[in-house]
Participant: 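Below are the structure tokens for one structure; questions will follow.
The residues of the chain are indexed from 1 along the displayed sequence.
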Amino acid sequence: MPFSIAELLGNLPEDKLIAPKVLAKKLFCEDETDRGRLKIALDALAKLELVTEEFGKYRRLAVPDVVKARLRFSRGSFWAIQDEPGAADVYIPARYLGTAWHGDRGLVKVMRKGRNRRSPEGEVFVVLERAITALLAQVQVTETGYLAKPMDERLNITVTLPETVADLAEQLVYVTIKRYPLAQLPAQGVVKRVLGTDARTADPATLVLCKHNLLPNPPVGLPKMLDGGGEQPLRQDFRERATWGLGGLAVSWEPGTDGGRVLGIHLPDATASMTPETLVDWYASQQGASFGLGDIIAPMTPPVPARSEWPSISLWVQVDANGGVGAYRIEPGWVRVDEAPPPELINDVSTWVLQTQKRPGLAFTEEPRLTLDEHPTGLAAAGDAGVAQGLAILANHLLARHMQALQLPGLFRVQAPPDAEAWERYRFLLTELGLTPPEELELATLLPLIQAHELAPLLQNLFLELLKPPTDSLQPGGHFGVGVEPYLHGVAAFERYADLFNQRVLWALFTQGKDRKSARSKETIDPRSSECHGRVDWPVLPTGLQEDLQNQAQQLLPQLQERERAHRQAREDYRHLVWLHRCDLTPGQTLRGLVVGVESYGSFVAIQHTPLQGLVHVTALKNDWYEFRPKQQALVGRKTNATFVVGAVMEVVVKGIDYYRQQVDLTLPPDMGDETHEPDASPADA
């Protein structure tokens, strides 16, 4: 089983010796070849004085003047971006780069501290984790053999290919790295897929998944099917209570007291199927979440067997006669899903959800829906899954409230609101298009407004660019998209690893949660009920278990955030690539466009009724010197007073299309370099 140096060091504490056999088990080194690689890695790290050997066991050493960082190629140079927030970037001269590539994580030794506005300089001490395990490249024939030339310009590297690719010359291929650079030897690669002659002819979903290296690559030994989980003594039996399936959840709706109801939201419990420190669990943590584009799905775990009875984490929620949510309990249980529930029950709970839990949302059509709750952008998704989505978001919120009240460690979900300046620019554009947007950003008012406009695809895409991406956090906070605080993910533990971790924290509460401050205390609480909120002033979990879960969350967070960033970028690339294919643009083509943004270096123009944008660079504006006026969001010529302003309709010419980067370069027609472009042209013509 391959492992990274980061994983190896992460399993070596500084204060305790670890035997190689224990390390081999943690890193899934199951045969002699893998154990031999582990011994080589330990010996190399010992020579670098990163680990020390004592009595045949190993522990990690602290190294002075060394920082953890991610390498980035920018402005023609390599920089080390430190993990510490606010820390200065470290400049890496080419001679001190070693065999590191763009995106790699490593330890960087600072050789010269920054002073007088000069950045600190350093050298790559050791590569901890490779970011590039596969890449998109063009096969090239050279005098010495066959090479893979990466499509990503930031990868100024050489990857040799075997002679078996002779018939693939000039083809676009997906290459996996077989061997990284070693001393003077270049990297070696193996062609896994042939995508076509260029990025334009490749299938959009396959191209994007290969570009971001998101195609599944399950390790040898991963089971084909997950175990359904056996009986557990702590689980309560809810199989005799009327329950029906709703998407990936199960729902109960029973008579309550004083004319109210008892709502049961039953979440699939993955903890029984995925034991920590197993190969399945390791692979799921590396995947981070299930992901899909087009017809291609990359699942986080092997499939779960179809069943009508399954283990659950069940929320039993009191709903009063007015539809308000009251106290609730969280219980582990077993549920049985009825295939044909009474229609009146479905109508009753659906009416309640649509009246009390409905949220404004947007339609997302370019990707499959893998979870029931909010879209990865943070917004609710408009569509047929409104009832299941409302229940899933409610369950996430109630779980977060309970974990926050008991001060349990967890991976909470937060999303900051858009910047005020960005909102004002977007609001300015809507006003220029004849709309009346609200003064303050309110989703319930804004989303129906832009969805009803004839430029809805463009306005929706611009609004998504306005949003800050949601992320996992160790601390609870507000979530702009769903409008609740606190919030976390817990309903889709087979699809997202953060959900699985939060379910494991709940199981720690079920099994080891303390219901009193001390053994001598007479006052007790029910740690599974919301009625204990505000009454707990002691650690509910044992100190050792609390610290262990907190450390696990801290180690998981960077990996999950990085994986989510790749998923987010892939979705954005795919959405733009689909529109590029749909529009079938050609260089030299003249189009009508709408100016949607202005900067000092040019104008951003949206093409017709699409979310595609291109930049008309200021150098294309002839016969004048243009001044950028931020308050008017306009470029104004000093001599001619020619104006390019947000909301203006204009003609543009397609200069070039880059399908790999989903970029459209635009310019002006030859006779339009000195014309005035005011917003009084009809936006509908765009």
Side-chain angles (χ1 to χ4, degrees), residues 360-367 375-382 415-470 480-481 568-569 571-580 582-583 585 591-599 601-616 630 632-635 644-650 652 661-664 666 677 679 681-686:
L362 291 176
F364 302 94
T365 59
E366 283 88 7
E367 57 195 89
H375 187 266
T377 59
L379 297 175
Q415 184 182 26
D419 292 331
E421 183 180 352
W423 161 243
E424 284 303 319
R425 288 198 300 267
Y426 184 71
R427 187 172 175 274
F428 183 92
L429 173 62
L430 296 182
T431 304
E432 294 300 319
L433 294 176
L435 299 176
T436 308
E439 291 286 341
E440 301 294 332
L441 178 49
E442 300 174 356
L443 294 179
T445 305
L446 179 66
L447 296 188
L449 187 70
I450 64 177
Q451 287 175 310
H453 198 272
E454 55 187 335
L455 300 180
L458 167 63
L459 297 180
Q460 175 172 316
N461 189 68
L462 292 174
F463 179 70
L464 294 180
E465 293 178 2
L466 186 75
L467 295 177
K468 292 184 178 181
F480 173 77
R568 182 168 58 250
Q569 187 62 54
R571 279 190 297 270
E572 182 179 340
D573 288 356
Y574 179 70
R575 184 169 65 250
H576 287 89
L577 190 56
V578 167
W579 276 99
L580 278 177
R582 192 177 298 170
C583 296
L585 304 177
L591 302 167
R592 297 280 283 177
L594 178 72
V595 180
V596 295
V598 177
E599 298 292 344
Y601 49 83
S603 304
F604 290 95
V605 179
I607 301 172
Q608 295 183 342
H609 297 277
T610 78
L612 298 177
Q613 298 179 38
L615 174 67
V616 178
Q632 290 82 21
Q633 296 196 38
L635 286 171
F644 294 85
V645 62
V646 167
V649 177
M650 58 188 296
V652 290
R661 296 169 184 81
Q662 300 83 46
Q663 294 178 352
V664 181
L666 299 176
H677 298 277
S682 172
D685 295 337

Participant: Tell me, do Leu362 and Thr377 make a side-chain contact under 4.5 Å, heavy atoms counted?
Facilitator: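 Of all side-chain heavy-atom pairs linking Thr377 with Leu362, none is under 4.5 Å.
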Participant: Run the side chain to side chain contact (heavy atoms under 4.5 Å, CB included) test against Arg425 and tell me which residues pass, sequence neighbours left out.
Facilitator: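 For Arg425 the side chain to side chain contact (heavy atoms under 4.5 Å, CB included) partners, ignoring immediate neighbours, are Glu421, Ala422, Gln633.
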Participant: Could you give the distance from OH (Tyr426) to CG (Leu446), rounded to the nearest 0.5 Å?
Facilitator: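 Reported to 0.5 Å precision, the distance equals 5.5 Å.
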Participant: Return the minimal non-hydrogen interatomic distance between Pro360 and Ala380, and the atom names on each side.
Facilitator: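 Heavy atoms only, the tightest pair is O-CB, 3.8 Å.
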Participant: Taking C-beta and beyond as the side chain, do Trp579 and Pro457 meet within less than 4.5 Å on heavy atoms?
Facilitator: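 Result yes, sub-4.5 Å side-chain heavy-atom pair found.
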Participant: Hey, does the side chain of Gln662 reach the backbone of Leu580 with a donor-acceptor pair shorter than 3.5 angstrom?
Facilitator: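 No, the answer is negative, given that no donor and acceptor are paired below the 3.5 Å cut-off.
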Participant: Under 3.5 Å, side chain of Gln451 to main-chain N/O of Gly361, donor-acceptor pair present?
Facilitator: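 At least one qualifying donor-acceptor pair exists.
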Participant: Would you say that more than 12 heavy atoms from the other residues, nucleotides or ligands in this model lie under 6.0 Å from the CD of Gln569, or not?
Facilitator: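 More than 12 within 6.0 Å, yes.
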Participant: Might you point out which heavy atoms bring Pro376 and Arg571 nearest each other, and give the distance in Å?
Facilitator: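 Heavy-atom minimum between the residues: CB-NH2, 3.1 Å.
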Participant: For residues Pro418 and Leu467, report the shortest heavy-atom separation together with the two atoms involved.
Facilitator: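 That would be CG-CD2, 4.1 Å.
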Participant: Phe480 versus Lys468: any side-chain heavy-atom pair under 4.5 Å?
Facilitator: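 Not touching, per the 4.5 Å side-chain cut-off.
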Participant: Could you tell me which residues satisfy ring-ring contact (aromatic ring centres under 6.0 Å, His included) with His375, sequence neighbours excluded, listed by chain and number?
Facilitator: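 Residues passing ring-ring contact (aromatic ring centres under 6.0 Å, His included) with His375: Phe364.
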Participant: Taking side chain as C-beta onward, heavy atoms only, is Leu441 less than 4.5 Å from Phe463?
Facilitator: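 Counting from C-beta outward, Leu441 and Phe463 do come under 4.5 Å.
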Participant: Determine whether His576 and Leu612 make a side-chain contact, defined as any pair of heavy atoms from C-beta on separated by less than 4.5 Å.
Facilitator: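 Heavy-atom side-chain distance check passes, below 4.5 Å.
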Participant: Please give me the minimum heavy-atom distance between Thr436 and Leu449, naming the atom from each residue.
Facilitator: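 Shortest heavy-atom contact: O-CD2, 3.8 Å.
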Participant: Rounded to the nearest 0.5 Å, how far does CD of Glu454 lie from CG of Leu459?
Facilitator: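 So the gap between those two atoms works out to 9.5 Å.
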Participant: To the nearest 0.5 Å, what is the distance between CG on Leu594 and CD on Gln613?
Facilitator: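 The distance works out to 9.5 Å.
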Participant: Kindly compute the distance separating CG (Leu433) from NE2 (His453), expressed to the nearest 0.5 Å.
Facilitator: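 It is 5.0 Å, given to the nearest 0.5 Å.
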Participant: Where do Pro437 and Leu430 come nearest, in terms of heavy atoms and distance?
Facilitator: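 Of all heavy-atom pairs spanning Pro437 and Leu430, the closest is CB-CD1, 3.8 Å.
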Participant: Taking side chain as C-beta onward, heavy atoms only, is Leu379 less than 4.5 Å from Leu464?
Facilitator: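 Answer yes - side chains close enough.
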Participant: Give the minimum heavy-atom separation between Leu458 and Ala606, together with the two atoms involved.
Facilitator: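 Looking at all heavy atoms of both residues, the shortest contact is CD1-CB, 3.3 Å.
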Participant: Carefully, step by step, assess Leu462 and Ile450 under the rule side-chain contact (heavy atoms from CB on, under 4.5 Å).
Facilitator: CA-CA 10 Å; Leu462 292 174; Ile450 64 177; over 6 Å; no
Participant: What orientation do Phe604 and Tyr601 show, parallel under 30°, tilted 30 to 60°, or perpendicular over 60°?
Facilitator: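 Ring orientation, 0 to 90° scale: perpendicular.
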Participant: Out of Val652, Leu666, Val598, Val596, which one pairs with Ser603 under the side chain to side chain contact (heavy atoms under 4.5 Å, CB included) rule?
Facilitator: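 Running side chain to side chain contact (heavy atoms under 4.5 Å, CB included) over Val652, Leu666, Val598, Val596 with Ser603 returns exactly one hit, Val598.
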Participant: What do the steps show when you test Gln632 against Val645 for side-chain contact (heavy atoms from CB on, under 4.5 Å), and what is the final call?
Facilitator: CA-CA 7 Å; Gln632 290 82 21; Val645 62; 5.5 Å; no
Participant: From Thr445 OG1 over to Glu440 CD, what is the distance, rounded to the nearest 0.5 angstrom?
Facilitator: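 That separation rounds to 11.5 Å.
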